[in-house]
2 protein chains.
Amino acid sequence: MIDKNSPLPIYYQLEEEIKQLIKSEQLKPGELLPSEREYAEKYNISRMTVRQAINNLASDGLLIRQKGKGTFIAEKKFEQTLQGLTSFSEDMKARGLTPSSKLVRFDVIQADQKLAEKLQLAEGDDLFIIHRIRLANESPVAVETIYTPKSIVGDMTEADFTPSFYHYMEKKLGYSIKQAHQEMEASLANDFEREHLRINEGDPVLLMERLTFLSNDIPFEYVKSAYRADRYKFKLQMPR
Amino acid sequence: MIDKNSPLPIYYQLEEEIKQLIKSEQLKPGELLPSEREYAEKYNISRMTVRQAINNLASDGLLIRQKGKGTFIAEKKFEQTLQGLTSFSEDMKARGLTPSSKLVRFDVIQADQKLAEKLQLAEGDDLFIIHRIRLANESPVAVETIYTPKSIVGDMTEADFTPSFYHYMEKKLGYSIKQAHQEMEASLANDFEREHLRINEGDPVLLMERLTFLSNDIPFEYVKSAYRADRYKFKLQMPR
DNA sequence: CTGATACTAATGTATAGACAACTATATATG
DNA sequence: CATATATAGTTGTCTATACATTAGTATCAG
């Protein structure tokens, strides 16, 4: 398990081992992790080295330390999945609804100045534009336009990003999504939104704009969405 | 600076000192922090203790460690200050605007069923209601209603929560704010909002609802706000 | 039975030291 | 002059140890 001659730091190897045990459910949420001393003796390493591994996992939220009691595997809460960046389909599933979508447009276009700047590309670079109506339980909730560089996603067909573009990025292409900058504001629906969301003139919408980054801090997605105000409320958990 | 007889851990005291130096701009972004050995010798403490302080600040993003070179003060990005839970006044300052407010109502009321449930109180318990118009550079941006239990904040006067209720909670009462559950949606302004925000019938507003928790997971604040859609955009950074 | 006390085991804090890995600079060598 | 080479200084990793603090349990006294 732990190889003292490995170039990888011991604390890192231990982190990976514990992560693996949690992932494979040999350690389940709520259960007690072996104590620091046990790990130190088992692998014949210093307790401080064990602490370094456990502290890292605790600050990642995977473990919960309790003085005098021990270290426990964290519960993966429902809120925890809602917390943080989610795609439309993940979001809807978390709310107990069935997501689907109706594709309006799927093309390759050339980046204009604004899109090139947002996505850190040169003007004229190839972009996919994915324009779709988002439904929950067959009823329209949002219109969404995604711009994503062809240089990152390569050749892509409609089947690839249906139902979830994030799923394709992560599971099929193996990218790791790190974080997003998101903006939200209220507005009145324009003609296009009104038509596709089946709402009336003067009805409000929640506008969302998001720039999403891979783990190497390269932006791979710029999305603009408009949500029906009467059917969608954005919920999040924020730490201080 | 460092008091070895203080009940506060040494590493924590050092963290606070470095934070203070950054805040007061005696250490500016990009500058080199004194080395670990320097701190250890200066205060006659162990280098490992210094490391604990510096590591904590580095994982908070305040410092950036570079092997072989040293530890540097991080650039404070605009987004970094916006990340996480902020009060209206903090939010506006981060945008370079001057926040102020006009108090509309400040009373003690009795919790109804809904408020009691949200704030984990009994029906009829005393609550402060703080109702104010929020201005940025003298111009109205939002109307805000805060409900907070008298049992937590005790006696409170208008001066206490002006300009910032969070500042009073944290700096004066010594509470630690942990996190909030927040919801955002779009709507049309009602009569009251239109009057105070000086907007017209049919104009949209961004509605925000927030339940804020102390470090012991007790809710201390329930806020409802309505922001002028043309003057306010909610920005946040979200990790995956 | 109840309550105080002692004990055990866990994490938290802190020390002193060693060597590794990396960066930058100064110095010697061709 | 250009290129190795040494050197100093930094953070990174790791050890072994000590005592503090907290939680839970066991034990004993009343």
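Lettering follows sequence order; numbering is per chain, from 1. Atoms considered below: every heavy atom in the structure, side chains included; atoms not considered: hydrogens, waters and symmetry mates.
Below 30°, between 30° and 60°, or above 60°: for A:Y227 and A:Y232 the angle between ring planes is below 30°, a parallel geometry.
When distances run from any side-chain atom of A:P9 to the nucleotides C:dA10, C:dT13, D:dT13, the shortest one goes to D:dT13. Picking from D:dT15, D:dT11, C:dA10 the nucleotide with the shortest atom distance to the side chain of A:E38 gives C:dA10. Distance from the side chain of B:Y11 is smallest for C:dT13 among the nucleotides C:dT15, D:dG12, C:dT13. When the nucleotides D:dT22, D:dT13, D:dA16 are ranked by their closest atom to the side chain of A:M48, D:dA16 comes out on top. The side chain of A:I10 sits closest to D:dT15 out of C:dA16, D:dT15, D:dG12. Of the candidate nucleotides D:dT13, D:dT10, C:dT11, C:dT11 has the atom nearest to the side chain of A:T71. For B:R51, the side-chain atoms get nearest to D:dG12 when compared with the rest of D:dG12, C:dA10, C:dT15.
Residues A:G68 and A:N44 both approach DNA chain D. Their nearest nucleotides, taken by heavy-atom distance, put A:N44 toward the 5′ side. Projected onto DNA chain D by closest heavy-atom contact, B:L33 and A:T49 fall at different nucleotides, the more 5' of which corresponds to B:L33.
Here C:dA14 presents its P atom at 11 Å from CG of B:D3, a figure rounded to the nearest Å. B:F72 has its CZ atom 10 Å from the C1' atom of D:dT10, to the nearest Å. Rounded to a whole Å, the CD atom of B:Q52 is 16 Å from the C1' atom of D:dT13. For the pair A:L32 CG and C:dA10 P, the interatomic distance rounds to 8 Å; values are reported in whole Å. The distance from atom CD1 of A:I64 to atom P of C:dG12 is 12 Å, rounded to the nearest whole Å. Rounded to an integer number of Å, the gap from CG of A:N56 to C1' of D:dG12 is 13 Å. For A:R47 and D:dA18, the CZ to C1' distance is 11 Å, given to the nearest whole Å. Going from atom CD of A:Q66 over to atom P of D:dT22 covers 14 Å, rounded to whole Å.
Residues A:E15 and A:A53 approach most closely at CG-O, 3.5 Å, considering heavy atoms.
If you check every strand for non-hydrogen atoms under 4.0 Å, B:I45 touches sugar and phosphate atoms only.
Proximity of A:L211 to A:E221: side-chain heavy atoms (C-beta onward) are nowhere separated by under 4.5 Å.
A:K4 has a side-chain polar atom (N or O) that falls below the 4.0 Å cut-off from OP1 or OP2 of D:dT15. Checking the phosphate oxygens (OP1, OP2) of C:dA24, a side-chain nitrogen or oxygen of B:K69 falls inside 4.0 Å.
In this structure a side-chain-to-backbone donor-acceptor pair under 3.5 Å is missing from B:T71 to B:L33.
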Might you work through the side chain to side chain contact (heavy atoms under 4.5 Å, CB included) test for A:I18 and A:Y39, ending with a clear yes or no?
CA-CA 11 Å; A:I18 296 174; A:Y39 270 120; 3.8 Å; yes
